[in-house]
Structure formats: C-alpha cells, structure tokens
Amino acid sequence: MSTLTILHSNTTILLHNHNFIHFTRDISNTPFIRYKEFILLYAGIQEWCREWIIIYPLKELLEGLQYQIIGNLACVKINRCIDHSKQIKEGDVFVSQTNDRTYIEEAIQRGAIAVLTEVYIHDCSVPQIIIPIEMNCFIQRISTISYELYGKKMKTIGITGTNGKTTVASFIGQLLMQQSKSVCVIGTLGVFVNGQKIELCLRSNTTLPFYDFIQVVKYCYEQNVEFIILEASSQGLLDQRLSNYPIDVGVFLNIGKDHIEFHGGMVPYKKSKELLVLQSKKLVVNDDDSWCKSVGNRAHIPVTRFGENKKNEVVYQNIDYTNENVKYRFRISNEELQVEMTNSGYYNGMNLAAAIAVLVALRIPLREIRTVKLPKGRLERINNKEGIEVLVDYAHTPDALEASLSAISAYAKQNVFVVFGCGGNRDKQKRKWMGEVATKFSTKAIITNDNPRNEHPDDIINDIMCGADKGKVIIQKDRKQAIILALSIAKKGDIVLIAGKGHEQEQIIEDSVVPFSDHEVIRNYFEELDGLMTKKDPVA
C-alpha cells in the first residue's frame, strides 16, 4: 500500500497510514495526530505508534487570550488538562480552581508538568500558565478541539428535567443496545458502557465536571462507542460543565419543585435548564408539560414531541394502571408499539415515551423492543419471603414522590406505608409539599432523616409536618429504625416504599459522611427474620 508523506506544517489533517516527517524528537508543537496507526519518522528512523497520541497545541489554545507563562514550557508535551489533583498522571497539566497549595503539591507529586491558574502562585516548582480573565474561553477551545477529535464520531444526547433524568438515560441506553448500538450512559449512577459500570476515577456529580466529561468522551471514542447519553442538571448547565460541547439531541422532561432556593426562584431555575437549547442540534420535549412545550415552541431547531396529544410524533396512549403488570402503549407514525413491564406508573410510561422519541429524532428504526428495566434505586423491588412488596425509590421531590406513590396506590390491595425525609441545607420550601403528598397517598407515613447535613433533624421534620396529615404520621428520626418499623408493621400483601435515597450508599450527618444503604437495612431485616442473622451480628 502506498503512503503519502506530509512534511511538518500547521495542517491538522493527518490520514491513516500517512508518513509524518518531523526533524527532531521534540513534537510538542506538532498538530493533532488523528488516527491510531501511523508512521512517525524521526530523521529517517521509523517508529510505530499504536496508541492514540494527543498533543494539545498550547499555542493554538492560548492564541488571542491574555495570558502569561512563567517557567520553561518550550519542550513540554501536554497530554491532558485535569482539575482534580487525584486524577493527575505523568505529563498532565493541573488546572487549579482554588489555588490551594495542598492540591497543587499533590498534583505535582503525581506528575503534573505545569499548573494552569488565574493567579500567580508563589514558589511553584513547575511552570505556570496564568490566564487571569479568559479561562472560560480556554475551556471552550478544549471542548471544541475534543469534539473535533472524538465527539463528532459519536452522537450525544443530553437530558434535563426535575425528575426522571436517570431513568430516561437508562431507557435510551437500553433501547439503543436492543438496536445493536454501542452506548455510554453518564449520570447520577456513574458511567456505564454497554450496561457495565466503568471505573475511571471520576467525580460523582449528576453532570460531570468539564474535565471529567472530556476524559469520558475520549474513553468512549477509544471503545468505539456510538452514543453518549448524559444527564444535564440545572446546576451542571449553569456551571458550564459541558462548556460549548455540541449536543445532538437535547431532551426536556418536566419542571418541578426542586433546587429553587439554589437558583433563587423558579424563573432562574427554568433559565438554567434552557441553556441546553443553546448547544443542541435537535430537541425532544414533553408536550404534556407546559414549560417543556413552551421551550419547544420557542426553539429554532427541529423538535420531536411526546405525550398524549395525538399530533405528537410519539403518542403515549392511556392504559389501565390498576394491575401489577401493564402494557405501555405508544403510537408512532400510525403504528402501535407495546412494551410490557411491571407497573411503574404513568410517569415511567412517559419516561419510556421520551426515550422512544429520542430514537425517533435520531431516525433509528424501532425494530423489536424488549422489556426495559428501571435503573437501580428507581421503584426497585426487594424480594422477601414475607409477602410484603418492598420498594426502594430515589424520589426526593414532591412530584417524584407523588408519581411513585400514585403508581403504587393505583394497584395496591391493602396498606401502603412510606418512609421518607428531606435533605438538610436544601430547598426548605418543598418539605411541606413532601409531607402533604406522603400522607395523601399512603396509609401511614414514617418521617425520618435523609441527609440532615448541618441542619437539626427536628427542624426539618417540623417543616415536613407543616403540610402533613398529622393523624397519618409516625416520627422516627433514626433512618435505620424507621425502615425496620415500617417493615415490622407491614403485613402480607402490604406495600412499603422507602423513598429519598435510592441507590445512595451513604448518609451525610453534620460534616460526616456515614456509610448507609436502604437496601442493606432491608436485606438484613429479612435475613434476621429468616434466621440467617442474629441481633448480635454487628451489621444487623
């Protein structure tokens, strides 16, 4: 096979199996090398490079910005820019967000070859790149370059909404895999590639911090992923964690009562979510939600709508929710689609409609669709021999709790018990609504701690009680004991919903993070009943 020789120049185009001639071993100013196998010639000596090589062209990234370089960066190859000191590897540049010397020194110890910062750092042992006022522009350039290198080879779907982001992301991933597509799902539960959780030493935010996200994009490219599905939280969008990274399909699910205090009101809360429109090429919107509908009406890009309106591209048809198992029915282009599932209520039917609408927007043919599963901690059933239906759900907003409890009460034949609390230092005004919803749809509500943080648990419970039917409430501040109480008073045929924490494995009390799992408490309780554990067991 013949090859084409390209002399060292400013071009950023290098094709597979091309020769690239460079006259020194210093390739720090070399343009991007785009393909996995190419021939690199050093003064006539041929070397094969079989791993992806990325050289961030610092000169191009800084061009036109106000910056200062202190130290010698002339012969430095920049592998990655990373803003978390524990993620630093040899050859990375550490982006210092706080200028905390502890983190800077840790990054240097781990192999950082330079520090990128907005201010001068005294006595820094590695070169500094100081960008005092245009850091966002620098980040946008990294985002653009990363998209050109990796992202444009994949489709990216961003999902926003007060409730349902994790479930819809999971449903989209499952539907795409059923169509033989390779997918990555990023969100509250972590990073999953084709259903398998991937450990990449990333932070646990719903929407990953920018430099973490870029790492995942690169990883996905290396793994031949075709679709990236991510949760776009209001705070993540406001913090520009996605920067200007292009989103192929932006999904708008709903708006509810959460994070209002953080954003300073409902209007700025909505505005932060609407930032997703600005970087999306297409939209999928919930036509039954007035805010989502208005977002679609105001958009100047293609919009796919889902909901009960027969004019929508994906029509969610009314079904009977009184049975434990249901067939969710949808109409797409005058064709009916059915998905049989354990009854998870109207809202999860809408979540499935949203996922189907994404495939419609992407023009992916919907061949045979098999049953999809709710993600961990979303109306998750915990098996037991006592005949009690025990469900663990992440519902921590009034709308989400109502969705779960209304789904349960629609088919419940006997008592419905709910255990829940509200987080401290968060959204105080939603607490009375949580109390109102919990006592409206349950036989008995057991109010307990969630993550009290630095608030006194009594103050949180008092706020919840402002909206609750006091005759239907039991207060047990210890969450473990509250769960055990609910399970102990439930009889065969009753339903117990443990709400608020779902998949979480910890509880935040004051400044301490304590290991805690609703699942573990439930399992231990039933194992003790079955004689598999004793009360002397330290984890009982």
Under 3.5 Å: donor-acceptor pair, side chain of Asp212, backbone of Arg203: yes

Under a plain distance cut-off of 3.5 Å, with no hydrogens placed, do Thr397 and Asn163 share a side-chain donor-acceptor pair? yes

Tell me, which pairs form a salt bridge (Lys or Arg N to Asp or Glu O under 4.0 Å) where one or both residues lie in residues 373-384, sequence neighbours left out? Lys376-Glu380, Arg381-Glu389

If you measure from CD1 on Ile446 to NZ on Lys472, what distance do you get to the nearest 0.5 Å? 13.0 Å

Determine, step by step, whether Lys153 and Tyr221 satisfy the side-chain contact (heavy atoms from CB on, under 4.5 Å) criterion, reporting the C-alpha distance in whole Å, the side-chain angles of both residues, the deciding distance to 0.1 Å, and the verdict. CA-CA 8 Å; Lys153 315 295 192 302; Tyr221 180 85; 3.2 Å; yes

Electrostatic pair Glu506-Lys501, nearest N-O below 4.0 angstrom: no

Does the side chain of Tyr328 pick up a donor-acceptor pair with the side chain of Ser344 at under 3.5 Å? yes

In terms of relative ring orientation, are Tyr245 and Phe213 parallel, tilted or perpendicular, with 30° and 60° separating the classes? perpendicular

Atom pair CD/CD1 of Gln178 and Ile364 - distance to nearest 0.5 Å: 12.5 Å

Quick one: do Tyr269 and Ile255 satisfy side-chain contact (heavy atoms from CB on, under 4.5 Å)? Show the steps, please. CA-CA 9 Å; Tyr269 178 43; Ile255 196 75; 3.5 Å; yes

Non-hydrogen atoms of Arg431 and Arg426 that approach each other most closely: NH2-O, 3.5 Å

Do Tyr219 and Val193 come within less than 4.5 Å of each other through their side chains, counting heavy atoms only? yes

Worked check of salt bridge (Lys or Arg N to Asp or Glu O under 4.0 Å) between Asp458 and Lys477: CA-CA 8 Å; Asp458 289 344; Lys477 286 181 282 188; 2.9 Å; yes

Evaluate salt bridge (Lys or Arg N to Asp or Glu O under 4.0 Å) for Lys428 paired with Asp459, printing each intermediate quantity in order. CA-CA 10 Å; Lys428 294 183 180 181; Asp459 294 335; over 6 Å; no

Can Asn297 and Arg305 be counted as having a side-chain donor-acceptor contact under 3.5 angstrom? yes

Under the side-chain contact (heavy atoms from CB on, under 4.5 Å) test, residues paired with Asp248 that sit two or more places apart: Lys155, Thr156, Lys281

Less than 6.0 angstrom separating the ring centers of His503 and Tyr394, yes or no? yes

Distance only, no hydrogens: is a donor on one side chain within 3.5 Å (strictly under) of an acceptor on the other, for Gln235 and Ser272? no

